[in-house]
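Below, chain A is the first sequence line, B the second, and so on; all start at residue 1. Everything numeric here is computed off the predicted structure, so don't read it as measured data.
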Number of protein chains: 2
Amino acid sequence: MNIGDVSRLSGLPAKTIRYYEDIGLVAPQRSDNGYRSFRDSDLHKLTFMGRARSLGFTIEDCRNLLALYDDRERASSDVKVIAREHLGRIDQKLKELQEMHETLTHLVDECAGDHRPDCPILAGLSAGADEELSAVAS
Amino acid sequence: MNIGDVSRLSGLPAKTIRYYEDIGLVAPQRSDNGYRSFRDSDLHKLTFMGRARSLGFTIEDCRNLLALYDDRERASSDVKVIAREHLGRIDQKLKELQEMHETLTHLVDECAGDHRPDCPILAGLSAGADEELSAVAS
DNA sequence: ATACGGGTTCCCCTTACAGGAAGGTCAAGG
DNA sequence: CCTTGACCTTCCTGTAAGGGGAACCCGTAT
């Protein structure tokens, strides 16, 4: 298979696939004309990468997962550790986003959004600066 | 105020403040010794930046918000538009993260996490590759 | 002969800073 | 007077994960 084929089958852009070769995640053969020649196992890895990346695993996570994937002797607990760590990061990010969402929703709801210049959003964003200054001055 | 003072008061690292000057978000004076000399209005802007960034606004969003902040004539609707666009992006990101969370939770729950090599997580991540290959072959 | 649809390498661009080197400044202490 | 240490300065490099595009081969169909 040429890069276009694996690109279509894996759903990854060709650029991404070349990049993954660059950083040593896949090592396709080369044809006589210099084209990359991918085997089924390469396609497997790339598809795996696509899924793991879409779940938000970093490249380094993926590298570790791929190594475990290749290792028929590894314990499933090794994989579970990586996955749970990642789940923890997702939880954290979710919490942050939910807070942002809440705060911003409040601000937006309070803003009239008309032609007048009064805007609780800007007021909310700038709140605190004066207090901090006077606290230092006192 | 020197950079260390505004850093402490705004909560932003000095590096970040210098960066914000680089890209034209603040324009502090200079003392005779070459040190940056910040006025209260600079501190206000930087504090504003800190809050807006912590809510996930991009630098470009912040640049626009700062311009609106400085413009006593702007309509609050201008601000509301930016905020609502950002809220939409947050919603989107939340949805994605929740999906990731769900999928990964399923996979982790199904994994025994013991010494045996069978791992539903890896199986789940690699699912699909074979089907796609055979679909092409047929 | 040429057009076109692959493929290749190479280099710069992105976001929003962080880290660190090399060196100037300022106030306090010996 | 010298040093020490905390600040400050600029400049350069690096990050994650590729994207965009130039300049150039390859193979086939017209």
Residue pairs meeting ring-ring contact (aromatic ring centres under 6.0 Å, His included), one or both in residues 52-84 of chain B, sequence neighbours left out, come to F48(B)-Y69(B), F57(B)-H86(B)
Does a side-chain N-to-carboxylate-O contact under 4.0 Å join K45(B) and D70(B)? yes
Tell me if a side-chain donor or acceptor on T58(B) pairs with a main-chain N or O of D61(B) at a distance below 3.5 Å. yes
For DNA chain C, which residues in residues 55-69 of chain A have a heavy atom at a distance below 4.0 Å? none
For dC17(C), does OP1 or OP2 lie under 4.0 Å from any side-chain N or O of Y20(B)? yes
The complete set of ring-ring contact (aromatic ring centres under 6.0 Å, His included) pairs with one or both residues in residues 1-25 of chain B, sequence neighbours excluded, reads none
Using five base pairs at each end to define the local axes, how bent is the helix from dA1(C)-dT30(D) to dG30(C)-dC1(D), to the nearest 10°? 40°
Please give, in whole Å, the distance from dT15(C) P to K93(B) NZ? 16 Å
Among all residues two or more places apart in sequence or in another chain, which pass the side-chain contact (heavy atoms from CB on, under 4.5 Å) test with T105(A)? H101(A), D109(A), L87(B)
Kindly list each side-chain donor-acceptor pair under 3.5 angstrom involving residues 11-18 of chain B, sequence neighbours excluded, with atom names and distances?
none

Grab the CZ-P distance between R89(B) and dT15(C) for me, whole Å please. 13 Å
Separation of D5(B) atom CG from dA6(D) atom C1', in whole Å? 13 Å
Pairwise N/O distances under 3.5 Å, protein to nucleotides 23-29 of chain D:
residue : atom : partner : partner atom : Å
dC26(D) : O4'  : Y35(A)  : OH           : 3.4

Length of the line joining I23(A):CD1 and dG14(D):C1', which is rounded to integer Å: 16 Å
Would you say the side chain of D78(A) lies within less than 4.5 Å of the side chain of N64(A), judging by non-hydrogen atoms? no
Using a cut-off of under 3.5 Å, enumerate the N/O to N/O pairs linking the protein to nucleotides 9-11 of chain C.
residue : atom : partner : partner atom : Å
dT9(C)  : OP1  : R30(A)  : NH1          : 3.4
dT9(C)  : OP1  : R30(A)  : NH2          : 3.2
dT9(C)  : OP2  : R36(A)  : NH1          : 3.2
dT9(C)  : OP2  : R36(A)  : NH2          : 2.6

Roughly how many Å is it from CG in N2(B) to P in dC26(C), rounded to a whole number? 10 Å
Taking side chain as C-beta onward, heavy atoms only, is S76(A) less than 4.5 Å from C111(B)? yes
With heavy-atom distances below 4.5 Å as the criterion, would you say the side chains of V108(B) and K80(A) are in contact? yes
By side chain to side chain donor-acceptor pair (under 3.5 Å) - contacts of E73(A) (at least two apart): none
In this structure, how many angstroms lie between the P atom of dT15(C) and the CG atom of L25(B), rounded? 13 Å
Listed partners of E60(B) passing side chain to side chain donor-acceptor pair (under 3.5 Å), at least two apart: R63(B)
I17(A) CD1 to dG7(C) C1', in whole Å, measures 13 Å
My understanding is that only residues two or more places apart in sequence, or in another chain, count here; which of them pass side chain to side chain donor-acceptor pair (under 3.5 Å) with R74(A)? none
Rounding to a whole Å, what distance do you find between M1(B):CE and dC7(D):P? 17 Å
Atom pair CD/OG of E96(A) and S54(B) - distance to nearest 0.5 Å: 10.0 Å
For dA16(C) and T16(B) - does any side-chain N or O of the residue sit under 4.0 Å from the phosphate oxygens OP1/OP2? no
Just jot down the side chain to side chain donor-acceptor pair (under 3.5 Å) partners of R53(A), sequence neighbours excluded, or say none. none
Using a cut-off of 4.0 Å on non-hydrogen atoms, how would the nucleic acid contact of I3(A) be classed: base, sugar-phosphate, or nothing? sugar-phosphate
